[in-house]
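See below for the structure under consideration.
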Amino acid sequence: MSNLTVALAILGGLVLAAVIGYNAWMSRRNAPKQPDAATPPAPTEGAPTSNFGTEPVLHLDPNHAPGSDRHEPLFDPDLPPPSGLAATAADKRGGLDPLIDVIAPVSLDGLASGDAALAAMPATRRAGSKPVAIEGLNEHTANWEQPAPGQRYGAFQVGVQLANRTGALNEIEYSEFVVKAQAFADMVNGAPEFPEMLDEVARGRELDQFASAHDAQLGFVLRALHAAWSPGYVQQSAARHGFVAGMIPGRMVLPTSEPGLPPILGLSFDTQAALADDPAQSAIRELTLSLDVPQVDRSERPFERMREVAAALAREMDGVVTDGDGQLLREEIMDVIGADLEQLYDTLDSRELSAGSALARRLFS
């Protein structure tokens, strides 16, 4: 074999090795980033945890049509508060409030037991899409409360919410409310007194117009610059900033400082990637950070923490923060959003619907 043949063979081998090495490097470079094996998985929403750290345009649409769909809540306002939480002043005077509820008082000739009231409760506590609540005036504490076994009540009140994110209370829903309230009153030998329907429906429309114009959900999109992310890598990175696994695959939440309240922030990515047979091979190229403004108390600094988390994750995960159209969100844009948000907080405060309050959580749900 000549020297030329040997040289060509060696050169061909080197080229082949280089091609194989380059392909292996590109494959490794483009493979979804994986979590560190030594880090434990993020806890699940609702489990004991501690915080490790501390449409990008503010969506205030004055042309939002009353009754049109708004976003689903992050928290179910129909559920009772966790039993471990201390009762607030609002709890002591009852959950119904004339600011956002139609309230029909039910007078009694004598006292009614809590057991009788519970037996008289309607099968479903909704009138159309609006929640219905029944409260009794406790004989001993003189507080309005949900009827409880073994207690005695001197009066009741039945209420229906004037508006929520499905729209304003309408005539059909009001009529359904009247039917349910009357049936309850009949079973406890009470006499209800109903407000004028047209007045209450008009009040509901006005409240819905205000809520629609001051309902804000913020969203930042975090996009991968180079290599994609695996679900485990996203979860591990978010857990370092206090996020825990949500109840839905592909969702994580940043809990509030008080258990049982809606989360401060949400973080979501492709559900199909989270449910894949081999999640490690799923490639995620973007995730969304979200804030449901009316649901979170401003004292939690939700927008500031949203900015901090977005910037930190972009830096750590080799990504960029954009709006839904892929436009980079610069600091000056963030400052404008923050200023608008402060004005929104002040407006909600002036209407006694402060963000994070029980009334705001009910109205914006």
Side-chain angles (χ1 to χ4, degrees), residues 73 75-164 169 172-197 199-201 203-204 207 258-261 352-354 357-365:
F75 173 76
D76 187 351
D78 294 335
L79 294 177
S83 58
L85 297 181
T88 63
D91 296 327
K92 293 180 180 179
R93 66 171 180 265
L96 292 173
D97 193 298
L99 186 64
I100 67 169
D101 293 305
V102 178
I103 300 178
V106 178
S107 57
L108 303 173
D109 290 335
L111 294 174
S113 69
D115 300 88
L118 290 172
M121 289 286 185
T124 58
R125 299 183 197 177
R126 299 191 83 82
S129 62
K130 308 302 182 293
V132 172
I134 297 176
E135 296 178 343
L137 184 62
N138 191 293
E139 175 193 20
H140 298 295
T141 65
N143 291 329
W144 289 101
E145 64 184 27
Q146 294 185 6
Q151 300 298 314
R152 288 155 61 91
Y153 300 96
F156 291 100
Q157 57 185 12
V158 186
V160 63
Q161 199 162 306
L162 285 165
N164 57 14
L169 181 75
I172 295 175
E173 292 172 327
Y174 188 92
S175 299
E176 185 179 347
F177 157 68
V178 168
V179 170
K180 292 189 174 186
Q182 184 67 62
F184 171 82
D186 290 343
M187 292 188 69
V188 296
N189 297 319
E193 181 180 346
F194 296 103
E196 176 60 40
M197 178 181 71
D199 293 341
E200 296 303 302
V201 169
R203 201 159 65 94
L207 181 62
E258 184 174 352
L261 295 182
E352 298 183 39
L353 292 167
S354 300
S357 67
L359 291 183
R361 294 199 304 270
R362 289 176 55 204
L363 178 62
F364 296 97
S365 65

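Along the sequence shown, residues carry numbers from 1. In this text, all values refer to a predicted model and were calculated from it rather than measured experimentally.
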_4.5 Å side-chain heavy-atom contact, Pro122 and Ile134_ = yes
*Considering only heavy atoms from C-beta outward, does the side chain of Arg126 approach that of Val132 to under 4.5 Å?*
no
_Side chain proximity check, Glu352 to Ser357, heavy atoms < 4.5 angstrom_ = no
_Glu139: which residues meet the salt bridge (charged side-chain N to carboxylate O under 4.0 Å, His left out) condition with it, sequence neighbours left out?_
Arg152
*Where do Val158 and Ala181 come nearest, in terms of heavy atoms and distance?*
CG1-CB, 3.8 Å
*Does the side chain of Leu99 reach to within under 4.5 Å of the side chain of Leu353, using non-hydrogen atoms?*
yes
_As an exercise, state the distance from CD of Glu135 to CG of Asn143, rounded to the nearest 0.5 Å._
10.5 Å
*Under a 4.0 Å N-O cut-off, is there an ion pair linking Arg362 with Asp97?*
no
With a cut-off of 3.5 Å and sequence neighbours excluded, list every side-chain donor-acceptor pair involving residues 107-120.
unit_1 : atom_1 : unit_2 : atom_2 : d
Ser107 : OG     : Ala191 : O      : 3.3
Ser113 : OG     : Ala116 : N      : 3.0
Asp115 : OD1    : Gly150 : N      : 3.2

*Mind checking ring pair (Phe, Tyr, Trp, His ring centres under 6.0 Å) for Phe156 and listing every partner two or more places apart, or none if nothing turns up?*
Tyr153, Phe184
*asked:* Please give me the minimum heavy-atom distance between Asn164 and Ser365, naming the atom from each residue.
replied: CB-O, 3.3 Å
*asked:* Please find the pair of heavy atoms, one from Leu169 and one from Tyr174, that lie closest to each other, and give the distance.
replied: CD2-CD1, 3.9 Å
*In sequence, state the C-alpha distance, the side-chain angles, and the governing distance for Glu173 and Val201, and then conclude on side-chain contact (heavy atoms from CB on, under 4.5 Å).*
CA-CA 10 Å; Glu173 292 172 327; Val201 169; over 6 Å; no
*Gln182 versus Phe194: any side-chain heavy-atom pair under 4.5 Å?*
yes
